[in-house]
Amino acid sequence: MDSCIFCKIANGEIPSNTIYEDDKFRVILDNGPATKGHALVLPKEHYANLFEMPQDLLADAAVVAKKVASNIKDKLSCDGLNLVQNNGETAGQTVMHFHLHIIPRYENDGQHILWTPTSPSAEELVEVKNTIVGA
Ligand code: AMP
Ligand code: ZN
């Protein structure tokens, strides 16, 4: 993907604040961080989103995320940590190259990576379940 900025960053063509690298991934600091230490796991090959990611690479991404998150937790002493992964503009994805956000959380950090719960009826939940599992 010639025009993809995360391809260029992941493959070292554009400099970044790299905090981890192996043959398949580069993990960089987000340049518009939600909190101190906000990082992005970037595969070196281009896949637009979760649905395009090969199974094995996705599993590897989770392992890299755990490794890097553990290091961040140790070094920055965060109180909690969110893993976030957006797919599609509606879900907030702005760069169409798969990436996993590692967002360290600190008490009173002012961030709100939460949703507002809704109150579907029991029947509505069953209907959704049946739609998904095909019952
Ligand atoms: P998303 O909204 O899930 O697509 O996340 C894209 C993230 O990439 C945002 O948090 C941006 O701040 C971050 N970002 C965009 N361009 C760069 C860049 N050149 N270097 C580091 N982070 C970037
Ligand atoms: Zn790309």
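Numbers here simply count residues along the sequence, with the first being 1. Whatever order the structure lists them in is the order used to number ligands and atoms, beginning at 1.
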Discussion item. I need the atoms of ligand 1 closer than 4.0 Å to a non-hydrogen atom of His101, numbered in the order shown.
Written reply: 1 (P), 3 (O), 5 (O), 7 (C), 10 (O)

Worksheet item: Looking only at N/O atoms, are Gln93 and ligand 1 under 3.5 Å apart anywhere?
Response: no

Worksheet, complete the sentence: On a heavy-atom basis, the closest approach of Pro104 and Ile72 is CG-CG2, 3.6 Å

Worksheet item: How far is atom 18 (C) of ligand 1 from its nearest protein heavy atom, and which residue and atom is that?
Response: Asn31 ND2, 3.3 Å

Item to complete: Applying side-chain contact (heavy atoms from CB on, under 4.5 Å), run through Phe6 and Met96 and close with a yes or a no.
Response: CA-CA 9 Å; Phe6 279 4; Met96 299 302 156; over 6 Å; no

Discussion item. Is there a polar contact, in the sense of an N or O pair closer than 3.5 Å, between Leu40 and ligand 1?
Written reply: no

Worksheet item: What part of Gln85 sits under 4.0 Å from ligand 1 if we count only heavy atoms: the side chain, the backbone, both or neither?
Response: neither

Worksheet entry | Location of contacts on Phe6 toward ligand 1, heavy atoms closer than 4.0 Å | side chain

Item to complete: Out of Asp30, Ile14, Ile5, Ile28, indicate the one that has the non-hydrogen atom closest to atom 13 (C) of ligand 1.
Response: Asp30

Fill in: Over all atoms of both residues, closest heavy-atom pair of Ala61 and Leu100
O-CD2, 4.1 Å

Discussion item. Please check: side-chain N/O of Asn49 versus main-chain N/O of Phe98, any donor-acceptor pairing under 3.5 Å?
Written reply: no

Worksheet entry | Which of the ligand 1 atoms, numbered from 1, are nearer than 4.0 Å to a heavy atom of Gly32 | 12 (O)

Worksheet, complete the sentence: The atom of His46 among N, O or S that is nearest the Zn ion (ligand 2) is ND1

Fill in: ligand 1 contacted by Gly92 (non-hydrogen, < 4.0 Å)
yes

Discussion item. I'd like to check which ligand 1 atoms, numbered from 1 as shown, lie under 4.0 Å from a non-hydrogen atom of Leu29.
Written reply: 21 (C)

Worksheet item: Closer than 4.0 angstrom: is that true for some heavy atom of Met96 and an atom of ligand 1?
Response: no

Worksheet entry | ring-ring contact (aromatic ring centres under 6.0 Å, His included) assessment of His99 paired with His101 | CA-CA 6 Å; His99 52 281; His101 293 258; 5.1 Å; yes

Worksheet item: Below 4.0 Å from any atom of ligand 1, is there a heavy atom belonging to Asn17?
Response: no

Worksheet item: Any N/O of Thr94 closer than 3.5 Å to an N/O of ligand 1?
Response: yes

Fill in: Within reach of ligand 1, part of Ile9 (heavy-atom separation under 4.0 Å)
side chain

Worksheet item: So which of the N, O or S atoms of His97 lies nearest the Zn ion (ligand 2)?
Response: ND1

Practice prompt. Heavy atoms only: give me the nearest Arg26-Ser16 pair and the separation to one decimal.
Written response: CD-OG, 3.8 Å

Fill in: Side chain to side chain, Ile113 and Val84, heavy atoms closer than 4.5 Å
yes

Worksheet item: Does His99 come within less than 4.0 Å of ligand 1, judged by its heavy atoms?
Response: yes

Discussion item. How close do Lys36 and Tyr106 get, counting heavy atoms only, and between which atoms?
Written reply: O-OH, 2.7 Å

Practice prompt. Using a strict 4.0 Å threshold on nitrogen-to-oxygen distance, state whether Asp60 and Lys24 make a salt bridge.
Written response: yes

Fill in: Nearest heavy-atom neighbours spanning Gly37 and Leu76
CA-CD1, 3.7 Å

Worksheet item: Can you give the angle Cys4 SG - the Zn ion (ligand 2) - Cys7 SG, rounded to 10°?
Response: 120°

Worksheet, complete the sentence: In terms of heavy-atom contacts, His38 and Leu40 come closest through NE2-CD2, 4.1 Å

